[in-house]
Amino acid sequence: MSTTFTYGVRNEGAAPEALIRFVTEEELQGTATILHEKLDERLRARYAKGLFQGKPEQVESMAALGFIEADTVIVAGYRPGSGTDGLRLAAAAAAKAARAARAAHVELSIGEAAFSQDVEDWGAGAAAQALTEGLLLALHDRQPLKRDGSERFGLTQVDFVPGEAASLGTKEEWEQGIMHGRIIGGGVIYARDLTNLPGNDLTPERLAFHAEELAGDFDLDIEVIDEWSAAEQEMGALLAVGQGSVNPPRMIVLHYNGAPDSKEIWGLIGKGVTFDTGGISLKRAPGMEEMISDMGGAAAVLGAVRAIAELKAEVNVVAVIPAAENMPSDRAFKPGDVLRTMSGYTVEVVNTDAEGRLVLADGMTTAIRRGATRLIDVATLTGAIMVALGYEATGAVTNNESLMNEVKAASKRSGERIWEMPAYPEFRQALRSDAADLKNGGVKYGAASAGGLFIGHFAEGLPWVHLDIGGSAWLDRARGWEPKGATGVMVRTLVEMLTARA
């Protein structure tokens, strides 16, 4: 369902079903008019009883009772100075309340002084983008595949009404920010939907099909390398991971050329393991169904490319998706095998459940051979990153602090947390092998850093950042603007970074 956004005065004869108003704790403590005398009386009574404090993510819904021109009033708590994160979070809470009220047409009052300082500090465009993202993303969750079908609730119309407050920017800035929010939010939604697909639907070949559809929609060049061509190009790691499955692997390469005069090409590499059983090093059964999310890195890269292409960003991108299904069988690769990667480096396999770094090794080389000058890989790589950071942040490893600082700055703008993990030389010792150039695991402590450094071994000295979304790509309960299931994490950070570079 598409949502229409407007900015300015309310349309004649088109009263909203719900009015959304952000409110602060200070306003609830005061006496100035918030909505209407009678509604304010009820709202402050709720505050006095401790039932609604105006804190972030708190929301209060009330029948308007004819006092204002809407059926429902939705009051969302907001903390001044919380920046675009606070705006996004308040919008998400309000959107969920609108869903509960079945209010598809809402008006968001943005004329209050409470958040005018945040708008002034961050810019009207950034504020509009954050509000739009919060409203859209909070309502987009996983759709179950049921016999009788199910329909996701969505907002049909959102009206931003500015009022009289100063420092809210121009109409053009708001419309530009709304447009960016819709496009980038669309990229996140695309990534979520891909990740939520069941493994019997999303095989490596089907993932390639979705990438081909994306390329057709945005007139992108695409290569889909099948198992035969992969063998000719000596992609030994990708082939090994996929050889245990009846569904053969694919190396998917998308080209976006938005700056033909520039020699800089961003290599975005997304882990595309469409289902991970662990192979011969079999995972525990409880929770294995969530391994449909092991291609969350691929989804993030494809979602980012979708948004970058729609925004017509003046950057060059080669997006690489090494896609495979890691299954145990009589054909599966085994602990003790020695693989020759596309780069020529050999790898001793000590754990077939450390397969993501193997496919990414060939993915990195594929990007480099197609001209990439800077590299960012996104992967649900380790459980160790969840031990370190829980579900709260994406871990990062790098060989280039300048590039890492750019990624961190983009993540701050997007509201997606990134925490840099150490890349001490001692962690590389865990990758030493007696049988090959390096091994793919076998370390208990510092595993998140060691796993990232394994991938960095194949960067060939180019600036590189690894983003481990092992804890942030899939949630077992909703939070803020992220639903239960796939989150589409890192789409917004990648787009923020590359559009800022443009």
Side-chain angles (χ1 to χ4, degrees), residues 1 136-137 139-154 185-218 222 224 226 238 241-242 245-252 254 268-278 283 287-307 319-327 355-356 359 363 378-381 469-478 482-492 494:
M1 178 184 294
L136 292 178
L137 296 179
L139 298 179
H140 189 91
D141 51 10
R142 185 179 184 181
Q143 281 292 89
L145 300 173
K146 295 183 177 181
R147 185 188 68 173
D148 297 330
S150 58
E151 186 174 343
R152 179 187 288 117
F153 175 83
V188 176
I189 286 168
Y190 176 84
R192 287 179 182 177
D193 284 343
L194 266 185
T195 307
N196 282 326
L197 287 173
N200 60 328
D201 183 343
L202 194 71
T203 62
E205 187 175 22
R206 287 285 296 164
L207 181 55
F209 172 78
H210 285 285
E212 288 173 330
E213 280 194 326
L214 178 64
D217 289 343
F218 294 97
I222 185 170
V224 177
D226 63 17
L238 175 69
V241 172
S245 173
V246 69
N247 299 305
R250 294 287 184 267
M251 185 69 80
I252 306 161
L254 284 160
L268 303 182
I269 304 97
K271 175 185 172 184
V273 176
T274 56
F275 193 81
D276 181 22
T277 67
K283 294 180 180 290
M288 196 191 291
E289 69 277 4
E290 295 180 3
M291 286 300 101
I292 62 171
S293 67
D294 213 20
M295 43 63 65
V301 166
L302 290 173
V305 169
R306 183 185 191 275
V320 178
I321 309 297
E325 192 175 67
N326 187 21
M327 300 289 284
E355 86 299 330
V359 301
V378 189
T380 48
L381 197 76
I469 58 173
S472 53
W474 184 274
L475 300 178
D476 57 9
R477 61 180 179 178
E482 294 178 314
K484 180 180 180 181
T487 63
V489 72
M490 289 296 109
V491 169
R492 291 184 299 116
L494 292 175

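The first residue in the sequence is number 1, and the count goes up from there. Bear in mind that the values here come from a model prediction, so they are computed numbers and not experimental data.
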Ion pair R152/D141, N-O distance below 4.0 Å: yes

Straight-line distance of T274 OG1 to M327 CE, nearest 0.5 Å: 9.5 Å

Side-chain contact test, heavy atoms from C-beta onward, threshold under 4.5 Å: evaluate it for P322 versus V241 and give yes or no. no

Under 4.0 Å between a Lys/Arg side-chain N and an Asp/Glu carboxylate O for E355 and K271? yes

What distance separates L194 CG from R306 CZ, expressed to the nearest 0.5 Å? 10.0 Å

Main-chain N/O of H140 paired to R192 side chain as donor or acceptor, under 3.5 Å: yes

Which heavy atom of E289 sits nearest a heavy atom of F275, and at what distance? O-CE1, 4.3 Å

Starting from the C-alpha separation in whole Å, work towards a yes-or-no answer on side-chain contact (heavy atoms from CB on, under 4.5 Å) for I189 and L137. CA-CA 7 Å; I189 286 168; L137 296 179; 3.9 Å; yes

Sub-3.5 Å donor-acceptor pair from the side chain of T277 to the main-chain atoms of N326, do we have one? yes

Quick one: do D201 and R206 satisfy side-chain contact (heavy atoms from CB on, under 4.5 Å)? Show the steps, please. CA-CA 7 Å; D201 183 343; R206 287 285 296 164; 3.4 Å; yes

Should M251 and I321 count as side-chain neighbours, where that means a heavy-atom distance under 4.5 Å? no

When every non-hydrogen atom of I292 is compared with those of G199, the smallest separation belongs to CG2-N, 3.6 Å

Value for OG1 (T380) from CG (D294), rounded to nearest 0.5 Å, stands at 3.5 Å

Starting at CG of L254, measure out to CD1 of I222 and round the result to the nearest 0.5 Å. 4.5 Å

Calculate, to the nearest 0.5 Å, the distance between atoms CG and OG1 belonging to N196 and T487 respectively. 9.5 Å

For the residue pair P204 and P249, what are the closest heavy atoms and their distance? CB-CA, 4.1 Å

Between V273 and E325, does the side-chain contact (heavy atoms from CB on, under 4.5 Å) criterion hold? Intermediate values first, please. CA-CA 6 Å; V273 176; E325 192 175 67; over 6 Å; no

Counting only heavy atoms from other residues, nucleotides and ligands, does the tally under 6.0 Å from CD of E212 exceed 12? yes

G187 and V491: which non-hydrogen atoms are nearest, and at how many Å? C-CG1, 3.8 Å

Where do T195 and G296 come nearest, in terms of heavy atoms and distance? OG1-CA, 4.1 Å

Nearest atoms (heavy-atom pairs only) where I252 meets A323: CD1-CB, 4.4 Å

Going from OH on Y190 to NE2 on H210, what distance comes out if it is rounded to the nearest 0.5 angstrom? 7.0 Å

Can you check whether R250 reaches E205 side chain to side chain, under 4.5 Å on heavy atoms? yes

